[in-house]
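Before any comments, here is the structure.
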Amino acid sequence: MLISAQYIFPITSDPIVGGAVLVRDGKIRDVGKVEMLRLRYPDEESVDFGTAAIMPGLVDLHTRLEKSVLRGMVADMPYASWIMSVLECSTRLEAGDWYDAAVLGGLDALSSGITTIADITSTGAACTAAQKIGLRGVIYREVGVMDKQRINFAMRSAEKDIAHWREEVDADRVSIGIAPAAVYATHPAVFGQVSEFACKEGLSVAMRLAGSREEYNFVKYGSSMFSVHTMDEAKRGYVEIPPWMPTGVSPVRYALNWGAFESPNVMLVHGVHVDEDDIKKLREYNVAVATCPRANAQLGMGVAPLNEFLRAGLRVGLGTDSPAATESTDMLTEMRTGMIIHRALDTRHFLESATMLELATLGGARALGLDDKIGSLDIGKCADIIAVDLSSSHQSAGANPVSAVVNTCSASDVLMTMVDGKILYEKNRWHVDVEVAKNIARVIEIRAKLRG
């Protein structure tokens with residue numbers, strides 16, 4: 001198949017005007033000017049998207065597909081209140097509800113041009129949904145327990161789930177990782193056990209860390225709403241002896257002291273409340289970072305020092321975070337929001353549109369260790385490709401087509417999403433192995449149950 005459009009964004013080289021991409025057997029086989037490719041491959045099926053940009057599929061480094069059912073249910077709250085409300089709503093959902101919600105989240109991802117996700121889950125719903133609808137992804141099994149005496153049991157349960165999930169998925173498209181729970185929701189000894197298991201099994205690790213001021217105060221000063229003495233037994237579970245005391249260090253140093261970064265491929269999610277020494281340690285341990293600008297702003301969490309991460313040479317990408325926070329799984333809007341926030345706050349270092357586009361594609365692929373397969377339109381890579389409409393752009397795309405995409409486009413402008421050379425979404429049409437209308441109807445029923 002020869003896919004052409006007015007613009008091609010290879011990411012690793014300058015945009016091509018009037019270009020095309022040849023896709024065969026799920027791989028990118030050629031990239032160049034459309035006239036030349038048509039001469040080389042005269043018998044190839046051709047699809048022309050016109051005034052549009054063809055680019056690599058977007059890589060969402062942090063999402064929670066199963067939380068899609070909660071969109072708008074816990075709106076307009078600061079982080080601490082929001083997380084407690086999400087936890088309360090979650091208690092009313094059953095296993096089947098999580099799966100249906102995860103399928104909806106996966107459909108949202110595809111329709112917004114996301115081809116690869118990184119999702120932290122304890123239910124496994126995201127794993128099943130990603131496999132079912134054809135997404136590429138890394139699914140992290142979350143593990144956490146407050147009582148030190150129950151850590152071994154929690155780890156054995158996680159190990160069994162991981163073994164089962166690995167059997168369930170196509171390993172060329174979906175891989176399984178492990179994720180310690182948030183620092184305020186697990187005993188710190190879990191970090192070391194997760195690292196040890198990840199090394200033994202060759203698993204990647206994701207951990208939400210240094211995201212909120214409440215978490216920072218909890219770790220460093222033993223205060224805030226996450227402190228053990230402020231939580232009743234129903235919220236924190238049984239803990240005979242409170243496992244935490246004020247540490248006097250940042251969340252990054254706290255996790256480091258407990259062995260959280262000892263495995264080869266660790267990704268830190270958020271990284272809002274970090275200092276220069278923290279960033280040096282992340283660099284030393286080659287820890288990747290997923291920043292979530294919209295969710296961090298929406299929930300009043302703060303702003304991650306993106307420019308400092310980039311100057312330190314860290315592997316950095318973008319995540320949309322939970323749809324319960326941002327109300328949508330929209331990486332195009334994520335790029336624009338992040339760019340504007342950082343331009344406003346760091347006037348010494350102007351963040352360019354091309355940088356944001358790279359973070360959302362090749363940057364995310366590097367963070368996951370998948371840049372040899374995805375993230376750019378290079379010959380030999382997997383054909384994870386999207387087309388974004390520019391016919392209604394409020395910018396003159398001819399002057400700077402990358403700027404036009406980042407500054408004016410959103411999920412509604414995505415025309416096509418392809419994973420492994422298979423078109424899974426075209427404008428208002430689905431090519432997935434689920435009954436879309438039935439899934440939407442089911443989610444409507446679940447939301448009615450949540451409203452009580």
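Starting from 1, each residue takes its place in the sequence as its number.
Not a single donor-acceptor pair under 3.5 Å links the side chain of Arg283 to the backbone N or O of Phe309. In terms of modelled atom types and a separation under 3.5 Å, the side chain of Ser13 and the main chain of Pro10 share no donor-acceptor contact. One N or O on the side chain of Asp147 and one on the backbone of Gln149 form a donor-acceptor pair closer than 3.5 Å. Here the side chain of Arg336 pairs a donor or acceptor atom with the backbone of Val406 at under 3.5 angstrom. Checked by atom type and distance alone, the side chain of Ser322 pairs as donor or acceptor with a backbone atom of Ala324 at under 3.5 Å. Side chain of Thr333 to backbone of Asp330: no donor-acceptor contact under 3.5 angstrom is found. No donor-acceptor pair closer than 3.5 Å links the side chain of Ser81 to the backbone N or O of Pro78. Side-chain N or O atoms of Arg71 include none that pairs as donor or acceptor with a backbone N or O of Pro323 at under 3.5 Å. Using modelled atom types, no side-chain atom of Thr291 and backbone atom of Pro293 make a donor-acceptor pair closer than 3.5 Å.
The NZ atom of Lys220 sits 7.0 Å away from atom OG of Ser250, with the distance rounded to the nearest 0.5 Å. The structure places CZ of Arg366 at 10.5 Å from CZ of Arg315, a figure rounded to the nearest 0.5 Å. Note that CE of Met207 is 11.5 Å distant from CD1 of Ile178, once rounded to the nearest 0.5 Å. With rounding to the nearest 0.5 angstrom, the CE atom of Met73 is 5.0 Å from the CZ atom of Arg451. With rounding to the nearest 0.5 Å, the separation of CG in Leu450 from CD in Glu88 is 9.0 Å. Once rounded to the nearest 0.5 Å, the distance linking OG of Ser195 with CH2 of Trp258 reads 12.5 Å.
A salt bridge between Asp420 and Lys373 is absent, with no side-chain N of the basic residue lying under 4.0 Å from a carboxylate O of the acidic one. Comment: Glu445 does not engage Lys449 in a salt bridge, judged by the lack of any side-chain N to carboxylate O separation of less than 4.0 angstrom. Contact check on Arg442 versus Asp97 returns a salt bridge, with a Lys/Arg side-chain nitrogen under 4.0 Å from an Asp/Glu carboxylate oxygen. Note on Glu201 versus Arg166: salt bridge recorded, some NZ/NE/NH1/NH2 to OD/OE distance being below 4.0 Å. Between Arg64 and Asp321 there is no salt bridge, since no side-chain N of the basic residue sits under 4.0 Å from a carboxylate O of the acidic one. A salt bridge is absent between Asp278 and Arg253: the closest approach of a Lys/Arg side-chain nitrogen to an acidic carboxylate oxygen does not fall below 4.0 angstrom. Salt bridge absent: Arg24 and Glu45 never bring a charged side-chain N and a carboxylate O closer than 4.0 Å.
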Worksheet item: Taking it one step at a time, do Glu168 and Thr128 satisfy side-chain hydrogen bond (donor to acceptor under 3.5 Å, both in side chains)?
Response: CA-CA 8 Å; Glu168 179 183 344; Thr128 305; 2.7 Å; yes
Worksheet entry | Worked verdict on Glu327 versus Arg294 for salt bridge (Lys or Arg N to Asp or Glu O under 4.0 Å) | CA-CA 10 Å; Glu327 319 299 350; Arg294 276 198 306 156; over 6 Å; no
Discussion item. Walk me through whether Leu424 and Thr417 qualify under side-chain contact (heavy atoms from CB on, under 4.5 Å).
Written reply: CA-CA 6 Å; Leu424 301 178; Thr417 302; 5.5 Å; no
Item to complete: Any chance you could lay out the side-chain contact (heavy atoms from CB on, under 4.5 Å) test for Met416 and Lys427, step after step, and finish with the verdict?
Response: CA-CA 6 Å; Met416 182 275 294; Lys427 196 68 173 178; over 6 Å; no
Worksheet item: Stepwise, does the side-chain contact (heavy atoms from CB on, under 4.5 Å) test hold for Thr121 with Leu65?
Response: CA-CA 9 Å; Thr121 176; Leu65 296 186; over 6 Å; no
Practice prompt. Tell me, with the steps shown, if Arg136 and Ile374 meet side-chain contact (heavy atoms from CB on, under 4.5 Å).
Written response: CA-CA 10 Å; Arg136 189 180 306 281; Ile374 61 170; 3.6 Å; yes
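Leu135 is not listed as a side-chain neighbour of Val174, based on a closest heavy-atom distance of 4.5 Å or more. In this structure, Asn439 and Val434 have side chains that are not in contact, with every pair of non-hydrogen atoms separated by 4.5 Å or more. Side-chain contact between Asp30 and Val21: absent, with no pair of heavy atoms (C-beta onward) separated by less than 4.5 Å. For the pair Thr116/Leu368, a side-chain contact is recorded, criterion being any heavy-atom separation below 4.5 Å from C-beta on. Side-chain contact between Glu214 and Met301: absent, with no pair of heavy atoms (C-beta onward) separated by less than 4.5 Å. When side chains are defined from C-beta on, Glu66 does not count as touching Asp100, because their heavy atoms never get closer than 4.5 Å. Residues Met418 and Val23 are in side-chain contact: their nearest non-hydrogen atoms beyond the backbone lie under 4.5 Å apart. Looking only at side-chain heavy atoms (C-beta outward), Glu276 and Glu308 stay at 4.5 Å or farther from each other.
Remark: Trp82 engages no residue in a ring pair (Phe, Tyr, Trp, His ring centres under 6.0 Å) (not counting sequence neighbours).
Pro305 and Val272 make their closest contact through CD-O, 3.8 Å (heavy atoms, listed as atom of the first residue, atom of the second, distance). Listed here is the closest heavy atom pair of Met339 and Ser353: SD-OG, 3.6 Å. Taking all atoms of both residues into account, the shortest heavy-atom contact from Thr186 to Val143 is OG1-O, 4.5 Å. The shortest non-hydrogen separation linking Ala325 to Leu299 is CB-CD1, 3.9 Å. Minimum heavy-atom separation, Trp430 to Leu107: CH2-O, 3.0 Å. Shown here for Met331 and Leu58, the closest heavy-atom pair between the two residues is CB-CD1, 3.6 Å.
The aromatic rings of Tyr79 and Tyr184 lie perpendicular to each other, with more than 60° between the two planes, well past the 30° mark.
Annotation: cation-pi geometry not satisfied between Arg156 and Phe153 (NZ/CZ under 6.0 angstrom from ring centroid, within 45° of ring axis).
Between Lys381 and Ser376, the side chains place a donor N or O and an acceptor N or O closer than 3.5 Å (distance only, hydrogens not considered). Tyr285 and Lys281 share no side-chain donor-acceptor pair at under 3.5 Å. For the residue pair His273 and Glu215, no side-chain donor N or O sits within less than 3.5 Å of a side-chain acceptor on the partner. Side-chain polar atoms of Thr326 and Ser328 form no donor-acceptor pair below 3.5 angstrom.
For the side-chain contact (heavy atoms from CB on, under 4.5 Å) criterion with Phe261, the lone passing option out of Val252, Val205, Asn286 is Val252.
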